[in-house]
Amino acid sequence: MSDFPTTARVVVIGGGVVGTSTLYHLAKGGWTDCLLLEKNELTAGSTWHAAGNCPNFSSSWAVMNMQRYGLEMYRTLGTDVDYPMNYHVTGSLRLAHTRERMMEFERVASMGAYQGLEMGMLSPKELKDYNPFLEIHDLQGGMWDPLDGDIDPAQLTQALAKGAREAGGRIERFCPVTGIDRDGDEWIVKTEKGEIRAQYVANCAGYYAQRVGEMFRPFGGRRVPMVTLSHQYFLTEPIAELEAWTREKGHKVPLVRDVDISYYLRQDKYGLNLGPYERNCKAHWVTPEDPMPDDFSFQLFPDDLDRLEFYIEDAMARVPILGRAGIGRNINGPIPYAPDGLPMIGPMPGVRNAFEGHSFTFGIAQGGGAGKVLAEWIMHGQTEMDMWAVDPRRYTGYADHDYTLAKALETYGHEYAMHFPRHAWPAGRDRKLSPVHAEVVAQGGQMGAYNGWERANWFAKPGDDTSEVAAQTWDRAGPWALRIREEVEAVRDAVGVLDLPGFSRFNLSGVGAAEYLRGLITGGLPKVGRMNLAYFANDRGRILTEMSILRHGDDVFTLITAATAQWHDFDVLNADLPEGLSLTDHTDDFSTLIVTGPKSRGVFEAIGTQADLAASWLSIQPAVVAGTDCALARVSFAGELGWEIHAANVDIPGLYAAVLSAGAAPFGMFALNSLRIEKGYRAWKGDLSTDYTLLEAGLERWVKLDKSQDFPGKTALAKQQAEGVKKRFVTMTVEAGDQDAPYMSTVYHEGKVVGETTSGDWGYRIGKSIALGTIRADLAVPGTRLEINIFGRMYAATVQPDQPLWDPQNERLRA
Ligand SMILES: Cc1cc2nc3c(=O)[nH]c(=O)nc-3n(C[C@H](O)[C@H](O)[C@H](O)COP(=O)(O)OP(=O)(O)OC[C@H]3O[C@@H](n4cnc5c(N)ncnc54)[C@H](O)[C@@H]3O)c2cc1C
């Protein structure tokens, strides 16, 4: 007891793979004064013999990259720390039953190529060459993933712990954290062995993370949106054919993932291990009658094989030797799920100097990379790659227990499902409704959720196919296509209205507010009565976020930003808020109607307003429209003449009805995306991310290196400006086929990878497929011919001049 530490720079709570990996990366990064507290033995969370395999290729490029880092690290970890491990890199075969699945694989293979991974496409016959036990008659083909395999999680955890200790990290086992307190800037971490004072704390408590998260509630924390589900796999007895094959070849068969059916099948010694993600999955510890036990270490749930029956039968038909083996052992263990099944890695929402690394559904595979990412957050306050896909702040207040449970069950049952661009998943809907939600739905609105807010994606007409099945396509064509065209044409030729609830909206005021903002943003502030776009960089000059700044007085501002950015951007503004300034969140109090198109001025004239409709582009003014108090901002993300009406929720229905009565046609988010991309307007966390500096993103118009304030990123941007950029944002037109380029499509020049797209869509006004992206700077010259890999096929693309494709001189905006 006497040498029990009383201080540490960082306390990591939880000694599973993720906690030990975090400590390992902290210590390797030179932060030796860090302590990990584990309530049991280190491997407590991993009683099952889990495989260290790549999970679903979520659409996130960053998650794939994180995994790749970890799996590559595991290859040398055993020798690096002198702790030999059983790690079999068997590779895996993903099976495709449909054309859409083959297209998904092509896309993943192309993203892999960008990251240096050789993921090959396979014909059914080639699948059989890899694994002779497969039935292939009904398959379209498959994909080879060279990094997949299996690892012993207990050994992995011990190896990470050994490496961490040797690098200077400290581990206290059998030391549950029982409470958290705060003294000034210091955390006080309470344990049964004593208290530890720390600068930073990281919650890596696995499926106990919600319980640990409760300890942070008094300090601004929220209820962690996660639930515990049960995940089962079973192991067979040895199979003679498999043993004979393995002995002959000298290695195991590759793992099989039958993603359309939803299971994985891997070799375990000379038997097989089948792990389904079943539709009829089950949550535990989610009702008062079934409370979470204080400790579940080294325990399992009772077998529940009935739930797996369909998958077992399907797998036996696919790999008939499975049916010839007896069942050896079933493992049914707790697995934590966030609503989207992705982990939470990053700053703890609402709590300064606290971090999270939990809710891992594939923590063995992802732990290596996750530890690196979390250590970067703690040590540097930023990550090497943009990790928004796993940032805990992506879920805001709407993600309560019912939502989390509904989404987690949906996600688990569709763990390997394809995420089609026009498909809206049905669980956990209607969390946040616009004041005119009922009207929008009655008009045919096909809704999508944006930070919990329901917005129309497109408006269906009677007879249109609005089924989920119709949305199971990567193609541009679909029931929505004609409607998007009509909506775009209404905005182009007349006037459209978009009901847009959920813009994140903050008020900032107080003496010195303007100076504070000038010290944060890279560019200048608008004059009073005007608005402009502003960018916030991190100290590497990379794009943290973009906000619209509306200036009502010298020191009185409203900042408006993307719905999903709500907690992220509030943190950006709040992190170093000087005393005396007031920063408040009004996202739930106001809403927005976008009225845009060449006839939009006529709409306001028809419904009556005292506002100055001749006030210039980017002007803002308090107004009375149709007898209702509101504010008008002369701006349009659609790139036409237009105004945003900002009003209290209660006033939106009257305004919406008035605008419609004057002839505005409702349009949706899909049309808006097409409209904005023709103007080259960037979207947050697609085109705008911490993967790019402002200069690489072509945003130098918003960078004032000559201003006196020392804003974050100024030094880095000045250095980059002097040295020149290596990558450069461009707009490209694409001679595309049936699909437009999705996010992170690989761009080629003369056969070499030279960049990636950040968004793509069809431009209805210009009649072309458009991609935005970043390419090698020397190629960012108008007219350069490139190729883009879109779902496995190469399409010619041409770099466009650095101006909007639609209305290059912005004359229509200023009309
Ligand atoms: C049957 C099954 C099969 C699986 N198969 C795979 C697979 O093939 N591949 C894969 O990648 N993943 C797999 N997983 C998931 C994987 O096991 C988890 O994602 C992973 O173990 C999570 O690691 P972790 O470090 O986040 O959490 P954990 O391993 O749960 O570690 C958290 C630690 O925190 C400790 N703790 C909790 N509360 C406190 C406290 N108050 N004070 C101190 N310590 C505390 C716990 O004792 C525990 O040791 C499987 C899961 C199951 C159930």
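When a ligand or atom number is given, it counts from 1 through the structure's own listing order. Throughout, residue positions are numbered sequentially from 1 according to the sequence presented.
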Tyr311 backbone acceptor or donor facing Glu278 side chain under 3.5 Å
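Between the backbone of Tyr311 and the side chain of Glu278 there is no qualifying donor-acceptor contact (under 3.5 Å).
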When you measure from the side chain of Arg211 to the backbone N and O of Met292, does any donor-acceptor pair fall under 3.5 Å?
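Yes, the answer is positive, given that a donor and an acceptor are paired below the 3.5 Å cut-off.
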Report yes if some N/O of [X] lies less than 3.5 Å from some N/O of ligand 1; otherwise report no.
X      : result
Ser297 : no
Gly357 : no
Val177 : yes
Gly363 : yes
Leu42  : no
Ile335 : no

Report, in ascending order of atom number, the atoms of ligand 1 lying under 4.0 Å from any heavy atom of [X].
X      : answer
Val18  : 24 (P), 25 (O), 26 (O)
Tyr233 : 1 (C), 3 (C)
Phe362 : 10 (C), 11 (O), 12 (N), 19 (O)
Pro176 : 42 (N), 43 (C)
Gly15  : 33 (C), 34 (O)
Gly333 : 53 (C)
Gly16  : 25 (O), 29 (O), 31 (O), 33 (C)
Tyr208 : 37 (C), 38 (N)

Between [X] and [Y], ring centroids under 6.0 Å:
X      : Y      : result
Tyr69  : His25  : yes
Tyr200 : Trp187 : no
Trp144 : Phe105 : no
Tyr395 : Trp567 : no

Have a look at [options] and point out the one with the heavy atom closest to [atom].
atom                    : options                       : value
atom 39 (C) of ligand 1 : Lys39, Arg173, Met215, Met344 : Lys39
atom 11 (O) of ligand 1 : Ala370, Gly70, Gly371, Ala365 : Ala365
atom 30 (O) of ligand 1 : Ala209, Cys175, Gly206        : Gly206

Can you find a pair of side-chain heavy atoms, one from His231 and one from Tyr337, that are under 4.5 Å apart?
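His231 vs Tyr337: side chains apart.
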Report the C-alpha distance between Gln232 and Asn330 in whole Å, list the side-chain angles of each, state the deciding distance to 0.1 Å, and finish with yes or no for side-chain hydrogen bond (donor to acceptor under 3.5 Å, both in side chains).
CA-CA 7 Å; Gln232 300 185 79; Asn330 192 58; 2.9 Å; yes
Please find the pair of heavy atoms, one from Gly15 and one from Glu38, that lie closest to each other, and give the distance.
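Taking Gly15 first and Glu38 second, the nearest heavy atoms are N-OE1, 2.6 Å.
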Identify the two heavy atoms, one from Ala202 and one from Leu374, that lie closest to each other, and give their separation to 0.1 Å.
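Distance-wise, the nearest heavy atoms are CB-CD2, 4.3 Å.
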Taking the six-membered ring for Trp, are Tyr277 and Phe362 parallel (under 30°), tilted (30 to 60°) or perpendicular (over 60°)?
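Rings of Tyr277 and Phe362: tilted, as their planes differ by 30° to 60°.
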With a cutoff of 4.0 Å, is His231 in contact with ligand 1, counting heavy atoms of the residue only?
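The answer is yes, since His231 has a heavy atom less than 4.0 Å from ligand 1.
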Side chain, backbone, both or neither: which applies to [X] and ligand 1 if a contact is any heavy-atom pair less than 4.0 Å apart?
X      : value
Ile13  : side chain
Pro334 : backbone
Val212 : side chain
Phe360 : both
Leu37  : backbone
Ser230 : neither

Cationic N near anionic O, under 4.0 Å, [X] to [Y]:
X      : Y      : result
Arg307 : Glu309 : no
Arg393 : Asp571 : yes
Arg222 : Asp400 : no

